[in-house]
Amino acid sequence: MVLSGNDKSNVKGVFSKIGGHAEEYGAETLERMFCTYPQTKTYFPHFDLQHGSAQVKAHGKKVAGALIEAANHIDDIAGALSKLSDLHAQKLRVDPVNFKLLGQCFLVVVAIHHPSVLTPEVHASLDKFLCAVGNVLTAKYR
Amino acid sequence: MVHWSAEEKQLITSLWSKVNVEECGAEALARLLIVYPWTQRFFDNFGNLSSPTAILGNPKVRAHGKKVLTSFGEAVKNLDNLKATYSKLSELHCEKLHVDPENFRLLGDILIIVLAAHFAKDFTPACQATWQKLVGVVAHALAYKYH
């Protein structure tokens with residue numbers, strides 16, 4: 001799976017339209033993921049996961065930050081997320097299936113807040129991008 | 001058998017009552033074919049699927065999308081009896097259509113995105129969770145008679 005020129009510009013377009021809301025969307029993505037896929041909570045036994053949790057907000061900001069970083073370096077996502085990839089492989093070891101679940105929730109959040117941005121073509125590009133990010137984060141698992 | 005709480009049933013039926021089945025079905029199927037182009041393999045006889053524009057305007061895609069989502073409406077009416085409701089359709093998808101059940105999960109995920117775009121803030125986390133559960137259970141029922 002390769003990101004075409006169109007995909008890259010579609011993805012950059014999404015993040016520029018999201019603008020300053022990215023952190024808030026990161027938190028909402030996580031909240032929806034915990035609600036929709038309760039098994040994902042098993043990675044956060046040390047967190048308060050109730051609605052409005054400061055820890056979820058902070059973590060959502062981190063997740064959004066990583067997606068923005070990847071979008072800003074979309075020609076070399078592996079390079080941009082190399083340290084995060086190491087972290088996931090060596091320490092966090094989140095099962096690869098969960099990146100799809102996070103991706104689905106991020107798409108839902110974008111759809112809710114910017115339905116006109118998420119045209120079918122942009123939806124396809126963003127889905128591919130999120131897959132690519134997941135692949136990079138799990139690339140060093142074995 | 002799947003258990004549905006009263007709240008879940010309410011979230012399902014109240015949202016469903018506001019869904020335009022024809023529009024939503026057409027959009028969901030079109031997005032499936034656009035976002036996951038390999039799913040086009042089942043629709044060789046649908047004519048022009050060569051671009052997102054072609055897919056979105058394709059009358060066979062629209063008609064089939066409506067058909068698929070209308071069938072989904074049966075699930076909403078038979079939440080406590082999904083395996084029986086989809087028994088024949090399951091056999092059809094296995095024996096005649098030869099559709100990998102993974103495709104049901106893909107379509108389910110796409111439907112969630114379409115609903116989210118349409119209902120925006122009304123598509124609360126609880127609503128999303130309930131509907132994600134529903135599409136999962138429908139996918140499971142459709143795969144149940146596979147052999």
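Predicted, not measured: the structure shown is a model, and the values here were computed from it. Hydrogens, waters and symmetry mates are skipped; everything else that's a heavy atom, side chains included, is used. Chain letters run A, B, ... following the sequence lines, proteins first and then strands; every chain starts at 1.
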Do the ring centers of B/His64 and B/Phe46 come within less than 6.0 Å of each other? yes
Look at B/Gln128, B/Lys121, B/Lys133 and state which one has the largest set of heavy-atom pairs under 4.5 Å with chain A. B/Gln128
Sort A/Ser125 into side chain, backbone, both or neither according to what part of it lies under 4.5 angstrom from a heavy atom of chain B. neither
Heavy-atom distance under 4.5 Å to chain B: side chain of A/His113, backbone, both or neither? side chain
Non-hydrogen atoms of chain A under 4.5 Å away: do they reach the side chain of B/Thr130, the backbone, both or neither? neither
Can you tell me which portion of A/Phe34 sits under 4.5 Å from chain B's heavy atoms? Options are side chain, backbone, both or neither. neither
At a heavy-atom separation under 4.5 Å, does B/Leu56 approach chain A through its side chain, its backbone, both, or neither? side chain
Between B/Ile34, B/Ile55, B/Asp109, which has the largest tally of heavy atom pairs under 4.5 Å with chain A? B/Asp109
Charged N to carboxylate O under 4.0 angstrom, B/Glu23 versus B/Arg62? yes
Chain A contact via B/Ala30 - side chain, backbone, both or neither, heavy atoms under 4.5 Å: neither
Would you call the rings of B/Trp16 and B/Trp131 parallel, tilted or perpendicular if under 30° counts as parallel and over 60° as perpendicular? parallel
If you measure from the Lys or Arg side-chain nitrogens to the Asp or Glu carboxylate oxygens, is any gap between B/Arg41 and B/Asp100 under 4.0 Å? no
If you count heavy-atom pairs under 4.5 Å between each of A/Leu126, A/Val110, A/Thr119 and chain B, which one has the most? A/Thr119
For B/Leu97, run the side chain to side chain contact (heavy atoms under 4.5 Å, CB included) check against B/Leu92, B/Leu89, B/Asn103 and tell me which one passes. B/Leu92
Would a distance-only check, ignoring hydrogens and angles, find a side-chain to backbone donor-acceptor pair under 3.5 Å from A/Lys128 to A/Val2? yes
Where does B/Tyr36 contact chain A at under 4.5 Å (heavy atoms): side chain, backbone, both or neither? side chain
Is it the case that the ring center of A/Phe44 lies less than 6.0 angstrom away from the ring center of A/His59? yes
